[in-house]
Structures are given as structure tokens and as C-alpha cells.
Protein chains: 2
Amino acid sequence: MASQALPYRPHNHQACVTQALADARAICRAQNARLTPTRERVLELIWQSHKPLGAYDVLAELTAEGQNAAPPTVYRALDFLQQHGLVHRIASLNAFIGCAHAGENHTGMFLICRSCGNVLELTAPGVSGAIEGAAKAEHFKAENVTLEIAGLCPRCQSESRHD
Amino acid sequence: MASQALPYRPHNHQACVTQALADARAICRAQNARLTPTRERVLELIWQSHKPLGAYDVLAELTAEGQNAAPPTVYRALDFLQQHGLVHRIASLNAFIGCAHAGENHTGMFLICRSCGNVLELTAPGVSGAIEGAAKAEHFKAENVTLEIAGLCPRCQSESRHD
DNA sequence: CTGGAAATGTTATAATGTACCAAATTTCCC
DNA sequence: GGGAAATTTGGTACATTATAACATTTCCAG
Ligand SMILES: [Zn+2]
Ligand SMILES: [Zn+2]
Ligand SMILES: [Zn+2]
Ligand SMILES: [Zn+2]
């Protein structure tokens with residue numbers, strides 16, 4: 001069997017976080033955007049795992065750390081991070097996840113495991129092309145694509161076989 | 001220019017509604033499911049237009065008609081209609097729309113106009129195939145696909161050109 | 001009939017997201 | 001550096017969407 005994608009297997013996740021934060025700093029510097037402490041901390045919290053995190057989960061962490069935070073605090077930080085392509089919102093879950101392809105121009109495709117909750121973000125050119133083609137055939141000008149696939153990740157499939 | 005899809009041009013919309021209700025009755029009869037008056041009325045309200053309707057919009061209509069309705073009334077009806085493939089939930093809008101392909105086994109792809117709000121539901125085999133292929137390449141078992149494309153419909157594109 | 005299943009009524013509350021205005025901070029020009 | 005403008009943050013209140021829980025009614029098979 002081919003090697004599985006990161007979210008589906010044990011790995012040094014701290015490296016994911018470190019890399020994501022480093023990328024974020026570089027991207028913000030390049031765009032002259034201010035990655036303030038709260039924004040950076042929210043991004044780090046979002047990256048705590050490969051599972052999407054709800055805005056109010058982020059809020060709870062912030063307040064637990066003694067930070068003066070209210071819902072707008074979190075939503076503002078999340079808006080900023082989305083604008084700069086650092087996090088994605090998963091509409092079907094009302095939750096947020098770190099972008100695995102920050103800086104690259106891409107259309108996210110999310111594989112969401114309903115069992116373990118992990119999410120893998122893909123860029124599938126074939127899929128994007130097919131979507132654009134279908135939209136074009138209807139003379140529809142596509143601006144934003146939401147593509148979220150719920151199901152079972154490789155790990156959870158094999159676990160359910162061994163129950 | 002090719003003929004535009006229904007939502008984007010004037011048409012006898014009452015025929016859409018009548019057809020949808022007739023289909024729904026047939027489907028429920030075939031599945032031994034009870035399309036009760038409230039459920040049927042909710043479906044009819046959802047079909048009032050080709051724009052998605054929020055659950056609380058449906059609720060407002062029901063109560064305006066003097067029906068004894070509360071949020072669970074609407075959500076239960078919507079759950080039923082979704083289960084039987086008669087309506088879809090648009091996750092990116094928190095709203096519901098009548099299924100344009102009820103009875104057919106399909107994966108909905110929704111073209112959502114950010115200007116006029118109309119939604120066109122497509123079935124694009126090429127897109128579905130590409131998505132399944134991409135999921136399979138990651139050994140992911142896809143069960144449910146959310147595919148929503150926001151942009152500008154043909155009509156709204158030409159209107160903005162003539163401003 | 002009648003007993004169990006399905007559907008509905010009803011109240012309360014959870015979960016998610018935004019409007020709005022004031023205060024603080026940063027930026028940038030002079 | 002001083003000070004106006006813009007950005008960011010603090011904080012309250014509220015809007016919107018969705019569900020939990022339990023009582024009551026309706027339906028239907030036997
Ligand atoms: Zn990781
Ligand atoms: Zn999983
Ligand atoms: Zn119509
Ligand atoms: Zn339009």
C-alpha cells in the first residue's frame with residue numbers, strides 16, 4: 001500500500017506547526033500584512049491538529065490562557081487568516097483548518113473523516129479543471145469553490161475492518 | 001449563445017413547483033414514506049423560487065399561515081425531505097433548495113449566483129468522476145460530497161457589463 | 001379495538017456569527 | 001519627535017442557526 005498522507009499516520013506534528021508558522025510569517029511579510037500576536041496564536045491553535053477547530057474552541061483556548069478575548073477577537077483573527085490564505089473554513093462543519101498549501105494559488109479539496117475527524121487538504125488539478133469546465137458550460141463565472149468530501153480515511157477504514 | 005438554464009431566465013415557475021410536488025409524492029409513495037401536509041407544505045415553500053431558503057424563512061411563512069410551528073417543526077420536515085432526496089442543504093449559505101434531480105442517484109453540484117441568489121443544480125459526471133478518482137488516490141472512502149460554487153450567473157454577468 | 005411506532009407540539013437552550021462603538025496601537029508624513 | 005490617519009483591539013449586545021428533551025397526538029398493523 002502506498003504511503004498515507006500526513007494526517008492519517010503518526011508523524012512529528014510539531015514540525016507541521018513550526019513550518020506553518022514560518023510560512024505564515026514569510027507570507028505576511030511579503031504581503032505587508034501584520035501577523036500580530038493574537039493572529040499568530042490563533043493560527044497556531046488552529047494547527048494544533050489536523051482536525052478542524054471551531055471558532056468557539058479557539059476562543060476557549062484563548063480565554064483559558066488568560067487572554068482577553070471575546071467572539072469578535074477570534075472571528076477577526078480568522079478573517080485575517082482566511083484573507084491571506086492561511087486557514088480555510090470548512091462550511092459543512094462550521095470549523096477552521098490550517099491551509100496546507102499556503103502561498104500556492106489553489107482550490108482546496110477537503111477529505112473529511114467522519115470517524116477520526118482528520119482532514120486532508122488536496123489540490124487536484126483534474127478536479128478543478130472539471131469543475132471549471134462544468135461551470136463554463138453553463139456560462140457561469142465561478143469565483144469561489146467549496147469542495148468538501150466526507151467519508152472514511154484509510155486508517156479508519158482498516159480499523160473498522162478489524163472490529 | 002446557448003439557451004440558459006431555467007433559474008437564469010423567465011419561465012413558468014409554477015410548472016417547476018407542480019412537477020416537484022408530483023415527483024415528491026411519487027417518490028414517497030414508492031419508498032413507503034409519509035409526505036404529510038407539513039412536509040409537503042415545507043417542500044412547496046422551498047420551491048417558491050430557485051433561491052435557497054433559510055429554515056427560519058420557512059418557519060416565518062408557516063407561522064404567518066397560522067400554522068402552529070416552531071423551529072423543530074421546520075428542521076424535522078427538512079430532515080425528512082433531505083433523507084428522501086427532495087431537498088439539498090447548501091452548507092455555504094445555511095439554506096435549503098429543492099432538488100432538481102429527485103429520484104435520480106446523483107451528486108449535486110450547485111452554481112450559486114452571489115448577485116441574484118439563484119442556484120442551479122447540475123449533475124456533472126466528469127466532475128464526480130474526478131472527485132472520486134482523487135479520493136481513491138488517497139485511499140479515502142468518499143461517502144458524501146459538498147460541492148458549491150459561488151460566482152456570477154450568465155444573466156448577472158451581462159447586467160453588470162451594461163451598467 | 002389496541003399496542004407500538006411514527007409524527008407532532010412545546011419549551012428551553014446550545015452553537016455559531018455579527019453590529020456597533022470606544023479605546024488603544026501603529027504608521028506615516030511633516 | 002509631534003500629530004493626524006489608519007489599523008487593530010476591547011467589549012457589549014444581539015442576531016441567526018440548530019438541537020435537546022419530553023409530552024402528546026396520530027397512524028397503522030394485527
Ligand atoms: Zn501534522
Ligand atoms: Zn479517520
Ligand atoms: Zn422554476
Ligand atoms: Zn444571478
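When reading the values below, keep in mind they use all heavy atoms of this one structure, side chains included, and skip hydrogens, waters and symmetry mates. Lettering of chains follows the sequences in order, A, B, ..., and the numbering in each one begins at 1.
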Would you say T38(A) and Q67(A) are linked by a side-chain donor-acceptor pair, where the criterion is simply a distance under 3.5 Å?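 A donor-acceptor contact under 3.5 Å links the two side chains.
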
Interatomic distance where [atom1] belongs to [X] and [atom2] belongs to [N] [whole Å]:
X      : N       : atom1 : atom2 : result
L59(A) : dT18(C) : CG    : P     : 15 Å
Q67(B) : dT10(C) : CD    : P     : 11 Å
L53(A) : dA15(C) : CG    : P     : 15 Å
R39(A) : dT25(C) : CZ    : C1'   : 12 Å
L35(B) : dA6(C)  : CG    : C1'   : 15 Å
E40(A) : dT9(D)  : CD    : P     : 12 Å
L78(B) : dT8(C)  : CG    : P     : 12 Å
Q83(A) : dT8(D)  : CD    : P     : 11 Å

Per nearest nucleotide of DNA chain D, the residue lying toward the 5' end, G54(B) or A33(A), is A33(A)

Is the H101(A) to H88(A) ring centre distance short of 6.0 Å? no

Is [X] near enough to [N] that one of its side-chain N or O atoms lies under 4.0 angstrom from OP1 or OP2?
X      : N       : result
N68(B) : dT10(C) : yes
T36(A) : dT9(D)  : yes
N94(A) : dG17(C) : yes
R76(A) : dG17(C) : no
Y75(A) : dT18(C) : no

| Are Y56(B) and dT17(D) stacked, counting the six-membered base ring, centres under 5.5 Å, planes under 30°? | yes

Under 4.0 Å, counting only non-hydrogen atoms across every strand here, what does R34(B) touch: a base, just sugar-phosphate, or nothing?
sugar-phosphate

Give the nucleotide from the list dT17(D), dT9(D), dG11(D) with an atom nearest to the side chain of R89(B).
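The answer is dT17(D), which lies nearest to the side chain.
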
- Message: Please tell me whether L93(A) and L93(B) are part of a single hydrophobic cluster in this structure, the criterion being side-chain heavy atoms less than 4.5 Å apart.
- Response: no

Q) So, are E61(A) and R41(A) salt-bridged, with charged N and O less than 4.0 Å apart? A) no

Which residue is it: D79(B), T146(B), N94(B)? I am looking for the one with a side chain to side chain donor-acceptor pair (under 3.5 Å) to R89(B).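 Exactly one option meets the side chain to side chain donor-acceptor pair (under 3.5 Å) with R89(B), and it is N94(B).
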
Nearest-nucleotide wise, let me know which of A70(B) and N32(A) is further upstream toward the 5' end of DNA chain C.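 With N32(A) and A70(B) compared, the 5'-side residue is A70(B).
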
